[in-house]
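Every heavy atom of this structure was used, including side-chain atoms; hydrogens, water molecules and symmetry mates were not. By convention in this document, chain letters (A, B, ...) are assigned in the order of the sequence lines, proteins followed by strands, and residues within each chain are numbered from 1.
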4 protein chains.
Amino acid sequence: MKEEKILSSVKDQQLIKVRREQIIKGAIKLFKEKGFHKTTTREIASESGFSIGTLYEYIRTKEDVLFLVCDSIHEQVRERIAQEIDLESPSVPNMMKAIRSYFYLMDEMQDEIVILYQEVKSLKKESRKHVLNSERDMVGIIENVINTCLEGKLSAQKVSLLANNIVVQGHMWGFRRWIMQKQFTLEAYMDEQLKMIEHAIK
Amino acid sequence: MKEEKILSSVKDQQLIKVRREQIIKGAIKLFKEKGFHKTTTREIASESGFSIGTLYEYIRTKEDVLFLVCDSIHEQVRERIAQEIDLESPSVPNMMKAIRSYFYLMDEMQDEIVILYQEVKSLKKESRKHVLNSERDMVGIIENVINTCLEGKLSAQKVSLLANNIVVQGHMWGFRRWIMQKQFTLEAYMDEQLKMIEHAIK
Amino acid sequence: MKEEKILSSVKDQQLIKVRREQIIKGAIKLFKEKGFHKTTTREIASESGFSIGTLYEYIRTKEDVLFLVCDSIHEQVRERIAQEIDLESPSVPNMMKAIRSYFYLMDEMQDEIVILYQEVKSLKKESRKHVLNSERDMVGIIENVINTCLEGKLSAQKVSLLANNIVVQGHMWGFRRWIMQKQFTLEAYMDEQLKMIEHAIK
Amino acid sequence: MKEEKILSSVKDQQLIKVRREQIIKGAIKLFKEKGFHKTTTREIASESGFSIGTLYEYIRTKEDVLFLVCDSIHEQVRERIAQEIDLESPSVPNMMKAIRSYFYLMDEMQDEIVILYQEVKSLKKESRKHVLNSERDMVGIIENVINTCLEGKLSAQKVSLLANNIVVQGHMWGFRRWIMQKQFTLEAYMDEQLKMIEHAIK
DNA sequence: GATGAATGAGTTTTCATTCAT
DNA sequence: TATGAATGAAAACTCATTCAT
């Protein structure tokens, strides 16, 4: 992980972890409400439960908070997906189940996903790269599910495209909620998308 | 359209149009490079070729510029699409041609699309609604193509979902360029997406 | 008068007079509502019925407008007072009648008087002097009434003080309206003030 | 008092008090010289001895400074008057002494009084109301002196009018200094005004 | 004479960051 | 380690004034 690269003047690693979790939690709440730019460091500090001075003991710049947040969101997604996807007995139905789990997760994490879509560009090159790599990993996980369940029936390119489509379809449920969630229930949305995917892999 | 709702202290409507086009052009260039928040009104003014005072003769607030930009992007997309889509002789191949045209357009307008994805949330409710409505219109156009070419073969819901998928697939070529354009040429991307769509409508 | 000292690029003296009257009328209306500082030259121009460019054909600076206004207010007071005060048959009752006339006038011109109290300090030294001289003239008129009617019964100092008191009592009916006009009708106010003045000159 | 209603981002109440006193002192100096509108917040900050950023830690808007100043002026007057007026043994001579004290105070605070006359209108409704109430209190104090010393000899209306006259006569020594102080010494001014008052209450 | 678009210096206000305690 | 007062660069926006048409 790259989080360690963010410097802190505090020595106690355990404390750093605790404080940063507070920061991430507070910041996500605020970013959901008003976005990164309209949130001030003072607000982040107070939402995190400590003073502005203390905040700056655990980060160097406001952008560090954004990085921490983006990284943490990916971390959460990764963890949850790892828990839910079961590739013990690979099969098309199990692949569908996995995708369904992913969609459920994306529904739960809508606001977080929107943060990623809107604020990643505010990261410096280096951090942005790291975050995009996490995103790439996510695609890799889906690709892996597909490959395992379809036993190489599809070309690598097709698998990659399908995986990306699935990932983005999960996102769009959230970032296009103003249109998708007006016309579909989550179940209907998933059913229809899955049907199309089934057609595509036949 | 809503552009007219942005007040200007200048009376000459023709001049307003010309100046606002300058503003939009300058602002898009800057927003592509550094985003809305990191672009200053002074930069917009000077990139547009006039003084800060003159800028403010044609807009009320910085947010007006963002609205002008978002609206103009949709306007461009709409115009171009209208030109290219030909529904005289509806057929599946013509539908594919239309989608291909749309993908080409999205390729050309990648940066603009990214602006929409990242900055629309900075608009006030009212303006955001207007912009999202333009987006809805875009989906409507695609739905129309599908319906015309498939002669009602698919349910309304399926059509809507398919149209949204196509629209977003056009966008993702741009906003996920760091992953898609590393693995696909534009042609390959379109070919593969179109194949999947063909499967889905069979 | 000093109004002539304000330069204009227009030659036609009659036109200058007409335009400046428009300016004064418009400006007084605006100054009453929002004060000198919060009124813009654009507003003055449009309230006067012409363009900003035309406004600047008849004045040099925004301060000129203020001077025009202050001078005009004094001019109006002077004119009206001259009309109303009749010193043909001097007597204490006639003096009281004159003071009463003055109070009525001050009641009518409350807002204008408030402008003087609040904005004269924004004039440049030169113009301020001129305006203060008009004010001095006003005191002179009242002194004259007193002297004529009391036939020199009071010392010059007493007359001067009494005149200043009367003048300011006229003003305070307006600039302390939030307290005076809550407790007194204009008639009651005048009656009581006149009674006190009568005591003082006995 | 209402000063507490002005928000500060600083927590230390004692420090707020100290800093605001600095602000008030600096601002009064500047307002005396150039008025509220021509004084910039930067000038206020530097005159107060700190940076513009620090100024804004103790106030919200420039208008807050004006309110602080107006409120403080009334506060000073109130304190000083309370000290000087002695109603232990009420009598006409003691009343005269009290008025004299008030006149002395007004002489000392001329510039401050002029600030009130010229700038109160720049306060928002709420703050203006508060300041005018302080002014009403001042009248109340004088009324109280009169009532106590004259044991109800005069009607309530007469007392109110007399008190207002006295208050304004105190002010006019300052705001009409260009005429009064050219013709009277402070002593002569007070003597003559007091004589007239004596006539009035007989 | 009249117009109104263009100008840019100047103003208020914000907020990330630092550092003494 | 934690605090929060101090800082000042930077930003949006205004408006008196000019001048070409």
Flag the pair [X] and [Y] as a salt bridge only when some basic side-chain nitrogen lies within less than 4.0 angstrom of an acidic carboxylate oxygen.
X: A:Glu119; Y: B:Lys121; result: yes
X: C:Lys34; Y: C:Glu43; result: yes
X: C:Arg42; Y: B:Glu57; result: yes

Expressed as a whole number of angstroms, how long is the span from [X]:[atom1] to [N]:[atom2]?
X: B:Leu55; N: F:dA12; atom1: CG; atom2: P; answer: 10 Å
X: C:Lys124; N: F:dA16; atom1: NZ; atom2: P; answer: 14 Å
X: A:Leu7; N: E:dT17; atom1: CG; atom2: C1'; answer: 16 Å
X: D:Ile59; N: F:dA5; atom1: CD1; atom2: C1'; answer: 16 Å
X: D:Tyr58; N: E:dT14; atom1: OH; atom2: C1'; answer: 17 Å
X: A:Glu57; N: E:dT21; atom1: CD; atom2: C1'; answer: 13 Å
X: D:Arg42; N: E:dT12; atom1: CZ; atom2: C1'; answer: 9 Å
X: B:Ile16; N: E:dG4; atom1: CD1; atom2: P; answer: 13 Å

A side-chain contact here means heavy atoms from C-beta on lying under 4.5 Å apart; do D:Arg19 and D:Val10 qualify? no
side-chain N/O [X] vs [N] OP1/OP2, d < 4.0 Å:
X: A:Thr41; N: E:dA16; value: yes
X: C:Tyr56; N: F:dT17; value: yes
X: C:Arg19; N: E:dA2; value: yes
X: B:Ser51; N: E:dT7; value: yes
X: A:Thr40; N: E:dC15; value: no

5'-most contact on DNA chain E: C:Leu15 or B:Asp12, nearest heavy atom basis? C:Leu15
Of the listed F:dT17, F:dT7, E:dA6, the closest approach to the C:Thr61 side chain comes from F:dT17
Which nucleotide in the list F:dT1, E:dG8, E:dT7 gets nearest to the side chain of B:Ile52? E:dG8
Closer than 3.5 angstrom, by distance alone: can the side chain of A:Lys62 be matched with the main-chain N or O of A:Phe36 as a donor-acceptor pair? yes
5' precedence on DNA chain F between C:Lys62 and D:Gly49 (nearest-nucleotide basis): D:Gly49
When D:Phe50 and A:Lys11 are each assigned the nearest nucleotide of DNA chain F, the 5'-most assignment goes to A:Lys11
Quick one: label A:Thr39 by what it contacts on the DNA or RNA (base, sugar-phosphate, nothing), any heavy atom closer than 4.0 Å. sugar-phosphate
What is the nucleic acid contact for A:Ser9, judged by heavy atoms within less than 4.0 Å: base, sugar-phosphate only, or nothing? nothing
Counting only Watson-Crick or G-U wobble pairs whose two distances fall under 3.5 Å, which nucleotide matches E:dA20? F:dT3
Would you mind telling me which of D:Lys32, D:Gln76, D:His74 makes a side-chain hydrogen bond (donor to acceptor under 3.5 Å, both in side chains) with D:Glu112? D:Lys32
